[in-house]
Amino acid sequence: MSDEDHSAQLTVMMAELATKMQVLLDKQDELGENISKIKEAVYDPDKGLYARLSRLDARLDSLEAWRDNNTKILWIIVTVGVGLVSSTIWQAIF
């Protein structure tokens, strides 16, 4: 092989390397944009994942409070019912 052939091969290799590096840089820019979008989707104060989780947590708290209140009311109703049944049986016996 002559020096010119060697030189031509090196030039072709360098051109291929430059093309591949450009593709790599383009992909890196695309990756950076995608990461920015993910970051925005997670941390956006109005529509992000954390905002949705905090709203869901508030809804769950209100649902748990409703359940606790209904449980108390149910126990009161059951206690009154048992008391009425007991009173009726007591009056029927005596």
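Here, residue 1 is the first one in the sequence, and each next residue gets the next number. The structure presented is a predicted model; accordingly, all values stated were derived computationally and were not measured.
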To the nearest 0.5 Å, how far apart are [atom1] in [X] and [atom2] in [Y]?
X: E4; Y: Q9; atom1: CD; atom2: CD; value: 12.5 Å
X: L31; Y: L24; atom1: CG; atom2: CG; value: 10.5 Å
X: K27; Y: E30; atom1: NZ; atom2: CD; value: 5.0 Å

Extract all donor-acceptor atom pairs below 3.5 Å that involve side chains of residues 56-73 and protein atoms in other chains or at least two apart in sequence.
| from | atom 1 | to | atom 2 | distance (Å) |
| --- | --- | --- | --- | --- |
| S62 | OG | R59 | O | 2.8 |
| N69 | ND2 | A65 | O | 3.4 |
| T71 | OG1 | R67 | O | 2.8 |

Is there side-chain contact between V12 and E16, with at least one heavy-atom pair below 4.5 Å?
-> yes
Under 3.5 Å, side chain of S87 to main-chain N/O of G83, donor-acceptor pair present?
-> no
Does the pair D26 and Q22 meet the rule for a side-chain hydrogen bond (donor to acceptor under 3.5 Å, both in side chains), with working shown?
-> CA-CA 6 Å; D26 292 342; Q22 186 60 43; 3.2 Å; yes
Closest non-hydrogen atom pair, S54 against A51 | OG-O, 2.8 Å
Under 4.5 Å side-chain linkage, directly or through intermediates, the cluster mates of L74 | V78, V82
